[in-house]
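Here is the naming used below: chain letters follow the sequence lines, and residue numbers restart at 1 for every chain.
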There are 2 protein chains.
Amino acid sequence: MRIGELAARTGVSVRALRYYEEQALLAPERSASGQRHYREDAVDQVVLIRQLYAAGLSSKTIAGLMPCVVDGDATPELLRRLAAERDRVDARIAELLSARERLDSVIDGATSNLLTGRRCRNRTAPEPNAGP
Amino acid sequence: MRIGELAARTGVSVRALRYYEEQALLAPERSASGQRHYREDAVDQVVLIRQLYAAGLSSKTIAGLMPCVVDGDATPELLRRLAAERDRVDARIAELLSARERLDSVIDGATSNLLTGRRCRNRTAPEPNAGP
DNA sequence: CTAAAACCTGACGTCGACGTCAGAGGCAAG
DNA sequence: CTTGCCTCTGACGTCGACGTCAGGTTTTAG
């Protein structure tokens with residue numbers, strides 16, 4: 001398939017696909033006229049790439065991992081890096097969970113303030129202030 | 001305290017603290033000569049700010065929330081935004097968990113490849129390739 | 001054959017959270 | 001008074017993952 005179809009099927013922009021190639025994350029064939037032609041499994045690869053981006057990996061890091069994923073080839077070094085990235089993701093998740101708790105407590109505090117009718121300072125006039 | 005001490009006590013840079021003020025996340029007093037002076041609770045506020053950043057909120061969003069946090073003042077609108085942000089954090093966490101699973105499966109695949117001795121292609125020569 | 005749609009290669013723009021540098025005060029100690 | 005550290009205000013630089021525009025070629029539909 002050509003780049004437009006791959007974009008449509010994966011939901012990523014054409015520009016992004018070209019960028020991925022630039023970063024050596026994808027290596028489509030080229031027709032005689034220079035147009036990119038992707039195989040079916042490119043769809044899965046793009047999905048994987050997006051997930052790794054979502055995990056916070058950089059394009060450089062992903063580029064280092066793609067040979068492993070694509071060829072099934074792996075070295076102990078690569079495994080170490082994969083594990084390290086997983087740990088980083090775990091840490092990020094923990095961070096987010098902590099932040100979420102904090103957000104919740106802020107919400108709880110604010111909610112109870114509202115419920116107990118405790119309006120601080122300048123809410124003395126009952127006018128519904130629509131905007132500036 | 002002055003900005004250097006606050007930086008030391010929170011672990012964020014002096015530049016970042018000035019930036020936070022620029023974004024209306026902090027509002028320190030000023031001495032006659034123009035130097036910033038922070039109260040003790042600024043430490044907690046900075047910690048909160050960092051957590052909200054870690055949750056993926058933008059400085060603009062955080063700026064909208066700080067009055068609520070600081071003054072304990074809350075409007076239904078603010079509560080909606082807080083809830084929306086929490087949902088966003090939840091979505092991000094789910095994304096990360098999914099990405100983590102994917103990473104794990106990649107690691108598993110690669111590991112079993114190594115364990116079963118299945119070395120693909122160019123690993124024919126047993127020379128320990130040290131570098132480029 | 002022709003017009004529209006899709007594709008190509010540069011190359012510059014963006015956005016957010018700061019880093020960094022320059023030049024100029026301010027503040028406590030000796 | 002001077003030394004040395006801290007602080008101030010601009011203002012430009014950075015980095016990553018693209019967006020966007022320009023100007024040209026290729027493919028497809030009618």
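- Residue contacts shown for Ser31(A) are absent, as no nucleic acid heavy atom lies under 4.0 Å away.
- As rounded to whole Å, 12 Å separates atom P of dA11(D) from atom CD of Glu22(B).
- Within 6.0 Å of CD on Glu29(A) lie no more than 12 heavy atoms contributed by other residues, nucleotides or ligands.
- Residue Arg18(B) is in base contact, counting any heavy-atom pair closer than 4.0 Å across all strands shown.
- Residue side chain Arg15(B) reaches the base of dT20(C) through a donor-acceptor N/O pair under 3.5 Å, judged by distance alone.
- Between Ser59(A) and dA17(D), a side-chain N or O to OP1/OP2 separation shorter than 4.0 Å is present.
- One can place CD of Glu21(A) at 7 Å from P of dT9(C), the figure rounded to the nearest angstrom.
- In this structure, His37(A) atom NE2 and dT27(D) atom P are separated by 8 Å, rounded to whole Å.
- Residues Ser33(A) and Ser13(A) each lie close to DNA chain D; by heavy-atom proximity, the contact nearer the 5' end of the strand is made by Ser13(A).
- In this structure, CG of Leu17(A) is placed 11 Å from C1' of dC18(D), rounded to the nearest angstrom.
- With a 4.5 Å cut-off on side-chain heavy atoms, Ser59(B) and Tyr19(B) count as touching.
- Side chain to side chain, Arg30(B) and Gln35(B) fail the donor-acceptor criterion of an N or O pair below 3.5 Å.
- Between Arg50(A) and Glu95(B) no salt bridge is recorded (no basic side-chain N to carboxylate O distance below 4.0 Å).
- With rounding to whole Å, Tyr53(B) atom OH is found 13 Å from dC15(C) atom C1'.
- The interatomic distance linking Tyr19(A) (OH) with dC15(D) (P) rounds to 12 Å, in whole Å.
- A donor-acceptor contact shorter than 3.5 Å links the side chain of Thr111(A) to the backbone of Ile107(A).
- Nucleic acid contact class of Arg2(A) (heavy atoms, under 4.0 Å, all strands): sugar-phosphate only.
- Comparing Ala16(B) and Arg30(A) against DNA chain C, the residue whose closest nucleotide sits nearer the 5' end is Arg30(A).
- When rounded to the nearest whole Å, the span between CD1 of Ile3(B) and C1' of dC18(C) equals 13 Å.
- Leu25(A) places its CG atom 10 Å from the P atom of dC18(D), with the value rounded to the nearest Å.
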